[in-house]
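Order of listing sets the numbers, starting from 1, for every ligand and every atom in it. These values consider heavy atoms only, across backbone and side chains, with no hydrogens, waters or symmetry-generated copies.
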Amino acid sequence: MGKHAVTVTINGQSTDVAVDSRELLIHTLRDRLRLTGAHIGCETSHCGACTVDLDGASVKSCTVLTAQCQGADIRTVEGLAGADGLHPLQEAFFQEHGLQCGFCTPGMLMRAYRFLQENPSPTAEEIRHGMAGNLCRCTGYQNIINAVQAASGKMNQPEAESAE
Ligand code: FES
Ligand code: FES
C-alpha cells in the first residue's frame, strides 16, 4: 500500500511526513519526529497521556490517524513554553506539586492548556470535569486541580497575556 504524504504544522513549524494509512499520530510524533513528550499509557483512549492540541481541540493522539491530519495545526507539550520561559501552567504544576512520577503530566498540561481557553476562570469542580479524560496514578488529583486553578488566576492577570 502506498504512503500518504501529510503536511502538518507542529509547534509552529511546517512538517512533511509520509505515513501508512494506519499510522497513529502518537507514533508519528514519538517515533518519526522524536517529540516524545506525549506518552503512551493505554493506546485505547482511556488515560489521556497522549493528549495534544489539534486545530484548537484536545485530542488523544492514540485515537487519531496521521493520514487524517493533512493541514492540521498541532501543538505538543514541547511547544508549550515560550521564548521567555515556562508556560504559566508548567510553572503552576511545579509550584503546586501537580506531579509525582510525571508520566501523565504532558497530557495533563496539554488538556489544561485547551481547557483554560474553553473556560478561563473555572471552579475546582469544572476543572475536575474538564480534566476527567486524563488519569493520574500518583497524585490523587488535588494538586493538579490546584495547579490548573493557580495558572488560570495568573493567566487572567493582564500582564500574563503575553505568555500565551
Ligand atoms: Fe492515548 Fe492512553 S495512550 S489515551
Ligand atoms: Fe504519576 Fe500522574 S504523576 S501518573
Side-chain angles (χ1 to χ4, degrees), residues 4 6 8-11 15 17 19-81 85-119 122-155:
H4 296 267
V6 179
V8 289
T9 301
I10 301 185
N11 300 328
T15 305
V17 290
V19 298
D20 290 332
S21 304
R22 63 182 181 178
E23 182 165 314
L24 296 170
L25 180 57
I26 185 66
H27 293 304
T28 303
L29 293 173
R30 290 181 56 85
D31 302 339
R32 241 176 239 287
L33 303 175
R34 310 307 300 161
L35 294 168
T36 55
H39 290 159
I40 301 172
C42 64
E43 233 175 356
T44 55
S45 84
H46 288 93
C47 75
C50 64
T51 303
V52 300
D53 208 67
L54 189 154
D55 288 339
S58 301
V59 298
K60 293 177 176 176
S61 58
C62 73
T63 67
V64 177
L65 294 169
T66 305
Q68 297 174 294
C69 294
Q70 171 59 32
D73 189 11
I74 296 168
R75 185 183 288 222
T76 70
V77 73
E78 287 88 349
L80 199 54
L86 294 178
H87 188 279
L89 272 165
Q90 294 170 309
E91 194 65 47
F93 269 66
F94 171 63
Q95 295 291 345
E96 301 289 333
H97 306 288
L99 63 147
Q100 288 183 23
C101 80
F103 189 84
C104 69
T105 310
M108 290 284 182
L109 287 167
M110 294 316 296
R111 174 58 197 141
Y113 165 77
R114 177 53 49 193
F115 172 68
L116 287 182
Q117 291 179 54
E118 296 162 353
N119 184 350
T123 63
E125 195 50 40
E126 287 169 339
I127 296 170
R128 284 187 185 277
H129 192 261
M131 304 285 295
N134 290 69
L135 304 182
C136 174
R137 298 180 70 166
C138 306
T139 66
Y141 297 100
Q142 188 55 52
N143 289 357
I144 293 173
I145 310 302
N146 295 348
V148 175
Q149 205 145 40
S152 80
K154 199 164 177 194
M155 290 162 72

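Shown here are the salt bridge (Lys or Arg N to Asp or Glu O under 4.0 Å) partners of Glu91, two or more places apart in sequence or in another chain: there are none.
Around atom 2 (Fe) of ligand 1, protein N, O or S atoms at less than 2.8 Å number 2. Around atom 2 (Fe) of ligand 2, protein atoms of type N, O or S found under 2.8 Å number 2.
Evaluation of the ring pair (Phe, Tyr, Trp, His ring centres under 6.0 Å) test over residues 31-76, restricted to residues two or more places apart or in two chains, returns His39-Phe103.
Shortest non-hydrogen contact noted between Gly102 and Leu99 is CA-CD1, 4.1 Å. Closest of all the heavy-atom pairs between Glu96 and Asn146 is OE1-CB, 3.8 Å. In terms of heavy atoms, Gly48 sits closest to Thr51 at O-OG1, 2.6 Å. Between Val77 and Pro106, the shortest heavy-atom contact is CG1-CB, 3.9 Å.
Of the listed residues (Val8, Leu54, Thr63), just one forms a side chain to side chain contact (heavy atoms under 4.5 Å, CB included) with Leu25, and that residue is Leu54.
In this structure, Arg32 places its CZ atom where more than 12 heavy-atom neighbours from other residues, nucleotides or ligands lie under 6.0 Å away.
Checking side-chain atoms of Gln117 against main-chain N and O of Ala57 turns up no donor-acceptor pair under 3.5 Å.
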